[in-house]
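Structure, as structure tokens:
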Number of protein chains: 2
Amino acid sequence: MKPPSEKPRGKRKDQPAYPPLAPHEVELTDFFVRMGAILGVQRSVAEIYSLLYASPKALDFDHIQGRLDMSQGSVSQGLKFLRDHGMILSIKEKGTKRERWEPTPSLAASLVNILRSQVLPTLEKSKPSLQKVLDSASARSADPEVIERIARLQRWNSRAVELSALLLPPPVDE
Amino acid sequence: MKPPSEKPRGKRKDQPAYPPLAPHEVELTDFFVRMGAILGVQRSVAEIYSLLYASPKALDFDHIQGRLDMSQGSVSQGLKFLRDHGMILSIKEKGTKRERWEPTPSLAASLVNILRSQVLPTLEKSKPSLQKVLDSASARSADPEVIERIARLQRWNSRAVELSALLLPPPVDE
DNA sequence: CGCAATCTTCATTAAAAATTGAACTTAGGC
DNA sequence: GCCTAAGTTCAATTTTTAATGAAGATTGCG
């Protein structure tokens with residue numbers, strides 16, 4: 001009964017009306033959202049990436065905000081995440097203040113960046129903890145089977161760190 | 001100032017008092033919780049697994065509940081998850097009603113099980129969606145670059161499904 | 001069978017995570 | 001150098017996810 005009077009998110013003045021997502025765009029967004037969930041990437045970030053991915057030309061801040069009907073804060077944070085992980089590039093035409101964004105050519109490289117930032121720190125942080133646990137177990141003369149389990153865990157962790165560092169070399173920029 | 005009067009979780013009658021986790025147990029739990037977070041496994045599940053992992057003998061329901069000071073519901077659901085993913089085994093001594101639990105020997109196999117159950121379904125579900133998006137793009141004569149991007153996504157997805165199915169073959173049990 | 005003891009289910013509650021929006025900072029044009 | 005458009009930050013709010021616990025189902029033993 002109520003007319004679908006959507007309340008648009010806080011816009012800047014003089015902003016054009018942006019159309020809502022078309023069905024095929026929604027479907028692609030769902031895909032990116034699902035994949036993002038596996039990687040621990042939040043919905044709004046996946047939505048922004050999807051929009052840029054399906055767009056033939058680079059889009060600016062207001063365009064993204066308008067089409068996704070999303071707050072300024074979320075757009076800003078989302079673009080920051082995507083930038084920080086090398087997933088989007090800024091197209092800066094001279095004579096214009098606004099930045100415009102497009103996905104980086106290599107999605108594979110982008111995924112690697114996300115994995116590195118999420119997984120590697122965790123693995124590395126675990127190294128000293130496991131060492132401590134193992135030392136403590138030895139000191140207490142814990143059950144040999146338990147000691148062996150923890151030692152195995154530690155070897156695993158070390159190898160995972162090495163392997164990840166190999167597979168996910170840090171970027172050379174900066 | 002307040003005395004540390006812990007309220008123990010709803011226990012069964014006649015339950016012994018279980019001691020809280022020792023520092024080394026807490027440290028190991030933190031490790032499993034962090035690793036679990038990467039894989040999307042909830043805290044309570046990681047806690048239970050950690051406790052079993054560091055225990056020289058199999059533990060029963062009440063023991064787990066008592067030492068972790070956790071609700072019956074969480075213990076039940078946690079054990080279900082661990083069982084369903086082949087991460088723990090039941091030691092059933094005859095002449096006793098209670099089941100007792102210990103970790104399965106292969107943590108590697110357990111991890112594979114988790115990955116299969118979390119990642120593969122998502123990849124598979126995406127196949128038809130991507131096909132639809134691609135068809136739609138072709139039908140609309142969308143920008144060639146965009147069509148190429150989506151086609152690439154689809155090839156990726158297909159290969160990921162094949163690869164995962166290969167690396168993560170379904171278990172033969174049941 | 002029947003009756004506990006043991007475990008499961010699921011609606012409710014609590015905790016954690018993501019999003020919003022308004023105040024604030026920064027950067028360019030004039 | 002000011003002024004304004006553009007973007008950022010973060011406390012407050014909303015949404016999502018996990019944990020609780022009481023009622024219900026199951027199981028095995030007498």
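Below, each value reflects all heavy atoms present in this structure, side chains not excepted, and no hydrogens, waters or symmetry copies.
Under 4.0 angstrom from either OP1 or OP2 of dA19(D) there lies at least one side-chain N or O belonging to Ser44(B).
Applying the salt bridge (Lys or Arg N to Asp or Glu O under 4.0 Å) test to Asp60(B) and every residue at least two apart in sequence or in another chain returns Arg98(B). By the salt bridge (Lys or Arg N to Asp or Glu O under 4.0 Å) test, Lys80(A) pairs with Asp84(A), sequence neighbours left out. Partners of Glu102(B) by salt bridge (Lys or Arg N to Asp or Glu O under 4.0 Å), not counting sequence neighbours: none found. Residues passing the side-chain hydrogen bond (donor to acceptor under 3.5 Å, both in side chains) test with Ser55(B), sequence neighbours excluded: none. Residues passing the salt bridge (Lys or Arg N to Asp or Glu O under 4.0 Å) test with Arg152(A) are Glu148(A), sequence neighbours excluded. Taking the side-chain hydrogen bond (donor to acceptor under 3.5 Å, both in side chains) definition, one finds that Thr104(A) meets it with Ser110(A), sequence neighbours left out. Partners of Arg83(B) by side-chain hydrogen bond (donor to acceptor under 3.5 Å, both in side chains), not counting sequence neighbours: none found. Remark: Ser76(B) pairs with Phe61(B) by the side chain to side chain contact (heavy atoms under 4.5 Å, CB included) rule, at least two apart or across chains.
With 3.5 Å as the limit, one finds no donor-acceptor pair spanning the side chains of Ser126(B) and Ser129(B).
If you check residues 73-81 of chain A against DNA chain D, the residues with a heavy atom closer than 4.0 Å are Gly73(A), Ser76(A), Gln77(A), listed by number. Of the residues in residues 26-43 of chain A, none has a non-hydrogen atom less than 4.0 angstrom from any atom of DNA chain D.
When the C1' atom of dT8(C) is taken as reference, atom CE of Met70(B) falls 16 Å away, rounded to whole Å. Whole-Å rounding puts the Asp62(B) CG to dA4(C) P distance at 18 Å. When the C1' atom of dC7(C) is taken as reference, atom NE2 of His63(B) falls 18 Å away, rounded to whole Å. Remark: C1' of dA18(D) and CG of Leu68(B) are 15 Å apart, rounded to the nearest angstrom. When the P atom of dA6(D) is taken as reference, atom CG of Asp60(A) falls 9 Å away, rounded to whole Å. The CG atom of Asp69(A) sits 15 Å away from the C1' atom of dT14(D) (whole-angstrom rounding). Following rounding to the nearest Å, Phe61(B) (CZ) and dA5(C) (P) show an atom-to-atom distance of 16 Å. Note: CD (Gln72(B)) to P (dA5(C)) measures 13 Å, nearest angstrom.
Across all strands shown, Arg83(A) has heavy atoms under 4.0 Å from sugar-phosphate atoms exclusively, and none from any base.
Side chain of His85(B) to backbone of Phe81(B): a donor-acceptor contact under 3.5 angstrom is found.
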Using a 3.5 Å cut-off and no angle test, enumerate the donor-acceptor pairs between side-chain atoms of residues 19-32 of chain A and protein atoms at least two apart in sequence or in another chain.
unit_1   : atom_1 : unit_2    : atom_2 : d
His24(A) : NE2    : Arg140(B) : NH1    : 3.4
His24(A) : NE2    : Arg140(B) : NH2    : 3.2
Glu25(A) : OE1    : Ala22(A)  : N      : 2.8
Glu25(A) : OE1    : Arg67(A)  : NH2    : 3.0
Glu25(A) : OE2    : Arg67(A)  : NH1    : 3.0
Glu27(A) : OE1    : Lys132(B) : NZ     : 3.1
Thr29(A) : OG1    : Glu25(A)  : O      : 2.8
Thr29(A) : OG1    : Ser50(A)  : OG     : 3.2

Review item, nucleotides 26-28 of chain D N/O atoms under 3.5 Å of protein N/O:
unit_1  : atom_1 : unit_2   : atom_2 : d
dT27(D) : O2     : Lys97(B) : NZ     : 3.2

